[in-house]
Amino acid sequence: GSAPAATIVIFGATGDLTRRLLVPALANLVRDDLIKAEKFAILGVSFEEGDDASLRHLLAEFCTDCGDVWDRLQSRIFYLKGDFTEGSTYEAVKAKLGEIGFANAGFYLAVAPTFFGTIAEKLGATGLLDETETAFRRVCIEKPFGHDLQSAQALNAKLLEVMDERQVYRIDHFLGKETVQNIMTTRFANNLLEAVWNHRYIDHIQITAAETVGVEKRGKYYDATGAMRDMVPNHLFQLLAAVGMEPPNSFGAEAVRTEKSKVIEAIRPVKPGEIASFSARGRYAEGEVDGQGVAAYADEPNVDPDGSTETYVALKLFVDNWRWAGVPFYLRTGKRLTARDTEIVIAFKPAPYAMFQSTDAQRLPPNTMVIQIQPDEGVGLSLSAKKPGPRISIVPVNLDFTYAEEFKVGRSTGYETLLYDMLIGDQTLFQRADMIESGWAAVQPFIDAWSKGGRVETYEAGSAGPIGAERLIGNDGRFWHRIG
Ligand code: BG6
């Protein structure tokens, strides 16, 4: 059904996230009747000079596909110029919420992370987070959530001083992706899979998030962040949790999040002496991507050319629990790679014995299951088959299914589910404090070691990444699945 009447207050209303993703997603929700325009309002808050008309005009630019939905939505958009660090801004928000008239409010922090703590604190001090039986008050926080374990713990502590965990909606936009949500269904609705989903049948798992884009206009943010912090403890660990979790008792938010949290918590902390053999990092040199010449990372705007920020990272991790004992999880992510490709590969163990002439089991192509998340969502399974002919020759064949062919799916930004779930109070697809902290704890030893120096390899833009990543998996006698 449609969401309850509410105002969404967006801090950072004139920024990129609001324009490109949040407002188009809200418009799609109105289109699908999941939000009723007359029971909804957006109150944008930002430092910039402006009024309702100027904000509507600015937001319309990215709502070109919105059609008549925009006519219904735009009159529900209001603007408030204000400094996030000043109490008077929050008094003004309070007054404006009163004027709009809905008791429920969701506060969306689409701002630089330095403001997360301040905004939460001021919302609390103004009484804007006080809930009643008939009024919810919720806060959505974008990533990056902290810069390391310590800062994430400090931020969680600060938030929880002014609100309850059930009011906090920590966004990881990967959780808004349809296929990511589907991993759980694929696993737990198919007994066939669950029976072999463990260390007895699975040799290893690969999780890849390859991008063709460079740092774009985000040099300042990215140079202070790097591929590890930008992608691993959040997005890649969410994928790891989805493939690795135990079946939850229900699909309820706490049941699901508890199981995910347990997997992340079980990631074995790497020992200082293992850093080099368990990781690889690199940064892109100039090269060619999609037939276009592109600059080296060092020549991108707003980055330190002599710094050591990585744009690629590969890791080998172990999940120390019953199901995954001894199964390596290889993770990799990087910018300016050969293709855009987000996928999970489940590599099964070879058959135990081959009775075919002149073949031994080790040479049979092992079964692999590929869960494709981007760009074309789907699932593929490779099996071995006999090539027609008098001799026995065994080759891999594929069973494939794509979401696009199977279902007619409408346009979506990925934020629709997240915004709708926040409005209806379902926290399943949001990060809980303990998940975030366990994620940071698992990557902290790498970050600490790298901060003391060491070599960052270079890789050519448009390649599959640095040589060290090939070595990382090659030393174990395994290979990366081809990107793209
Ligand atoms: C963001 C990162 O969280 O995720 C970006 O900050 C990255 O650097 C992006 O490009 C990837 O998301 P998607 O949805 O394009 O795979």
Side-chain angles (χ1 to χ4, degrees), residues 147-150 152 198-199 202-210 225-244 262-284 308-335 337 342-347 349 435-459 463-481 483:
H147 192 67
D148 53 18
L149 176 58
Q150 221 188 352
N198 58 54
H199 66 96
I202 292 176
D203 175 70
H204 73 278
I205 290 177
Q206 297 183 15
I207 301 176
T208 299
T225 307
M228 176 72 116
R229 289 184 163 99
D230 190 42
M231 296 291 289
V232 179
N234 31 62
H235 305 326
L236 296 197
F237 281 5
Q238 282 301 325
L239 300 183
L240 183 150
V243 281
K262 279 160 67 179
V263 184
I264 301 173
E265 205 187 304
I267 297 174
R268 182 193 306 167
V270 66
K271 300 195 186 74
E274 291 171 339
I275 301 282
S277 53
F278 278 58
S279 67
R281 61 190 160 132
R283 58 153 85 197
Y284 58 83
S308 62
T309 301
E310 78 286 354
T311 60
Y312 178 103
V313 59
L315 301 177
K316 172 161 102 173
L317 299 171
F318 287 95
V319 173
D320 282 341
N321 65 16
W322 189 277
R323 185 186 291 265
W324 297 116
V327 179
F329 285 69
Y330 299 97
L331 276 57
R332 62 179 166 162
T333 182
K335 298 220 179 265
L337 296 176
T342 308
E343 62 173 32
I344 301 172
V345 175
I346 316 293
K349 291 185 174 172
M435 296 162 96
I436 298 238
E437 293 179 13
S438 308
W440 279 116
V443 299
Q444 197 67 47
F446 294 101
I447 293 176
D448 288 344
W450 294 347
S451 71
K452 299 192 186 94
R455 202 169 82 85
V456 183
E457 295 176 66
T458 46
Y459 60 96
S463 71
I467 302 293
E470 302 302 328
R471 212 177 293 133
L472 173 79
I473 195 165
N475 284 346
D476 295 343
R478 302 184 174 104
F479 305 92
W480 290 114
H481 193 245
I483 293 176

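Here L317 contributes atom CG and F446 contributes atom CZ; the two are 5.5 Å apart, rounded to the nearest 0.5 Å. To the nearest 0.5 Å, atoms CG (L331) and CG (L239) are separated by 8.5 Å. Remark: R283 CZ to T458 OG1 distance equals 9.5 Å, nearest 0.5 Å. Here the CG-CD1 distance, from D203 to I346, works out to 11.5 Å after rounding to the nearest 0.5 Å. From I483, atom CD1 reaches atom CZ of R332 across 4.0 Å, with rounding to the nearest 0.5 Å. Taken from CG in L472 to CZ in R281, the straight-line distance is 13.5 Å, to the nearest 0.5 Å.
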(Q) Walk me through whether M435 and Q238 qualify under side chain to side chain contact (heavy atoms under 4.5 Å, CB included). (A) CA-CA 9 Å; M435 296 162 96; Q238 282 301 325; 3.6 Å; yes

Q.
The test is side chain to side chain contact (heavy atoms under 4.5 Å, CB included); show your working for F237 and V232 and say whether it passes.
A. CA-CA 6 Å; F237 281 5; V232 179; 3.6 Å; yes

Q | Worked verdict on V319 versus V327 for side chain to side chain contact (heavy atoms under 4.5 Å, CB included) | A | CA-CA 8 Å; V319 173; V327 179; over 6 Å; no

Q | From CA spacing to verdict: side chain to side chain contact (heavy atoms under 4.5 Å, CB included), M228, L315 | A | CA-CA 10 Å; M228 176 72 116; L315 301 177; 3.9 Å; yes

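Of all non-hydrogen atoms in W480 and A469, the two that sit nearest each other are NE1-O, 2.9 Å. Between A280 and G468 the shortest heavy-atom distance is CB-C, 3.6 Å. In terms of heavy atoms, A464 sits closest to L337 at C-CD2, 3.8 Å. The minimum heavy-atom distance linking T225 with D230 is given by the pair CG2-N, 3.7 Å. Minimum interatomic distance between W450 and S279 (heavy atoms only, all atoms of both residues): CZ2-OG, 3.7 Å. The minimum heavy-atom distance between V270 and P445, with the atom names listed, is CG1-CB, 3.6 Å.
Taking the ring-ring contact (aromatic ring centres under 6.0 Å, His included) definition, one finds that F278 meets it with nothing, sequence neighbours left out.
Side-chain atoms of N234 come within 3.5 Å of backbone N or O of R229 as a donor-acceptor pair. Looking at K349, its side chain does come within 3.5 Å of a backbone N or O of H199 through a donor-acceptor pair. At least one donor-acceptor pair closer than 3.5 Å links the side chain of W324 to the backbone N or O of G244. Within the 3.5 Å criterion, the main-chain N or O of I264 finds no donor-acceptor partner in the side chain of S438. Remark: the backbone N or O of P466 is not paired with any side-chain donor or acceptor of E457 at under 3.5 angstrom.
Residue I275 places its CD1 atom among more than 12 non-hydrogen atoms of other residues, nucleotides or ligands, all under 6.0 Å distant.
N321 is not listed as a side-chain neighbour of K262, based on a closest heavy-atom distance of 4.5 Å or more. Between T208 and V345, the closest side-chain pair of non-hydrogen atoms is not below 4.5 Å.
Screening R478, H204, H481 for a side-chain hydrogen bond (donor to acceptor under 3.5 Å, both in side chains) involving Y330 leaves a single residue, R478.
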